[in-house]
Amino acid sequence: MKKLLAVSTAAIAVTTGVTATADAATHTVKSGDTLHSISQQYGTSVSAIKAENGLKSNLILPNQVIKVNEAKVATESTTEYTVVSGDTLGKIASKYDVTVSQLKAWNNLSSDLIIVGQTLSLQAPAQSAVPAQAPVAQQAPGQQTKEQVAAPAQQQSYQAPVQSYKAPAQQAYKAPAQQSYQAPAQRVRTTQTSTASTGGSTKAQFLAAGGTEAMWNTIVLPESSGNPNAVNPAGYRGLGQTKESWGTGSVEQQTKGMLNYAKQRYGSVEAALSFRSQNNWW
């Protein structure tokens, strides 16, 4: 009993000049130590040491091993934590002296939900060091490599040949000269018929049969040239060039046939003459 008291008294006497050192998980009590001096040495409190070691008083003995900042040291040495039933981010953060925001950031969590068995990182991920770039070797001025010396001083540029296209001269189109169409002259074929001549010229016989001078000049001469036996290639016959029966026979018969035709077709000889003059046929 006397020995314990002596240790306490000595511990109380040495209280000044104590500085905090690095955190430790355990501390072996030596002569002169007190809970206060130990708390100051390790940056904690007397109440924390007593709670950590289950001490009900401040009495400690030399060579006694006590826990000091065991939870803090464990926290600093632990980098990962496995979630158990009942854990929350708040509990884990408080236990390892970090914040919920840090836990979420270090573990890429978008919410506070965690799952039993999930492994959480308790510290920020290590940043990979950027590899240093090797220095670029510089060539001393005035020195040239073998390739540089051998290179030609002037670079030859390739020039593509210029191709000029000359369009062929356009030939002017000359339309062929238009040829005027000239109807072939009607050839009057003279055939021998049994025309009975009553004497005198054809015109005289025509006038004697009732024909007029106007009919002779306007119809007979243009149509048959006054030939009662004229036949053209189309088969028109006589003085008036017709395919009807009065195109053959004597001059008298043809003349009377022409007079009848003029009156029946045109209404009068004068009307027939007018039509022939305007249309060149009748």
Side-chain angles (χ1 to χ4, degrees), residues 1-140:
M1 193 69 175
K2 291 181 180 179
K3 185 178 181 179
L4 293 175
L5 181 60
V7 172
S8 279
T9 305
I12 295 172
V14 183
T15 57
T16 60
V18 179
T19 58
T21 61
D23 295 336
T26 61
H27 176 78
T28 302
V29 179
K30 58 184 178 292
S31 179
D33 280 348
T34 65
L35 291 182
H36 179 73
S37 65
I38 295 171
S39 67
Q40 292 296 310
Q41 181 179 353
Y42 293 105
T44 184
S45 64
V46 173
S47 59
I49 296 175
K50 291 173 69 175
E52 197 170 4
N53 292 272
L55 300 176
K56 297 181 179 180
S57 67
N58 294 338
L59 180 62
I60 54 176
L61 300 174
N63 298 320
Q64 181 180 354
V65 179
I66 60 175
K67 301 176 183 178
V68 182
N69 292 334
E70 186 179 43
K72 183 175 181 182
V73 171
T75 300
E76 292 176 351
S77 62
T78 303
T79 59
E80 291 184 346
Y81 176 79
T82 302
V83 179
V84 297
S85 178
D87 277 345
T88 64
L89 288 181
K91 288 182 180 181
I92 299 171
S94 177
K95 181 177 180 179
Y96 291 98
D97 195 22
V98 295
T99 65
V100 173
S101 299
Q102 287 175 323
L103 287 176
K104 293 173 70 175
W106 296 339
N107 293 277
N108 296 322
L109 300 177
S110 59
S111 67
D112 293 342
L113 178 64
I114 53 177
I115 303 172
V116 174
Q118 180 178 357
T119 300
L120 299 177
S121 177
L122 300 177
Q123 62 182 13
Q127 296 182 351
S128 59
V130 179
Q133 294 182 354
V136 179
Q138 295 183 352
Q139 183 178 348

ask   = For Ser45, what residues pass the side-chain hydrogen bond (donor to acceptor under 3.5 Å, both in side chains) criterion, not counting sequence neighbours?
value = Ser47
message = List the residues meeting side-chain hydrogen bond (donor to acceptor under 3.5 Å, both in side chains) with Thr88, not counting sequence neighbours, and say none if there are none.
response = none
query = Of Thr26, Ile38, Asp33, which is the lone residue that meets side-chain contact (heavy atoms from CB on, under 4.5 Å) with Ile66?
reply = Ile38
query = Please walk me through it: do His36 and Ser39 pass side chain to side chain contact (heavy atoms under 4.5 Å, CB included)?
reply = CA-CA 5 Å; His36 179 73; Ser39 67; 4.3 Å; yes
task = With sequence neighbours left out, write down each residue that passes side chain to side chain contact (heavy atoms under 4.5 Å, CB included) with Val116, or none if nothing qualifies.
result = Ser85
remark   = Note: Ala93 and Thr99 closest approach over all heavy atoms is CB-C, 3.8 Å
inquiry  = Checking Leu89 against Leu109 for the side chain to side chain contact (heavy atoms under 4.5 Å, CB included) test, could you report, in this order, the C-alpha distance in whole Å, the side-chain angles of both residues, the deciding distance, and whether it holds?
reply    = CA-CA 11 Å; Leu89 288 181; Leu109 300 177; 4.2 Å; yes
ask   = Which of these passes side-chain contact (heavy atoms from CB on, under 4.5 Å) with Val29: Asn63, Ile60, Leu61?
value = Ile60
message = Under the salt bridge (charged side-chain N to carboxylate O under 4.0 Å, His left out) definition, can you give me all pairs with a residue in residues 36-51, not counting sequence neighbours?
response = none
query = Which one of Ile92, Asn107, Val98, Asp97 satisfies the side-chain contact (heavy atoms from CB on, under 4.5 Å) criterion with Leu122?
reply = Ile92
key: Considering all heavy atoms, the nearest Tyr81-Lys95 contact   = CE1-NZ, 4.3 Å
query = Does Gln64 have any side-chain hydrogen bond (donor to acceptor under 3.5 Å, both in side chains) partners at least two apart in sequence or in another chain, and if so, which?
reply = none
key: Residue pairs fulfilling side chain to side chain donor-acceptor pair (under 3.5 Å) with at least one residue in residues 109-121, sequence neighbours excluded   = Lys104-Asp112
key: Test side-chain contact (heavy atoms from CB on, under 4.5 Å) applied to Asn58 and Ile49, Leu35, Thr34, the passing residue   = Leu35
ask   = Looking only at heavy atoms, what is the nearest atom pair of Glu52 and Lys67, with distance?
value = OE1-O, 3.6 Å
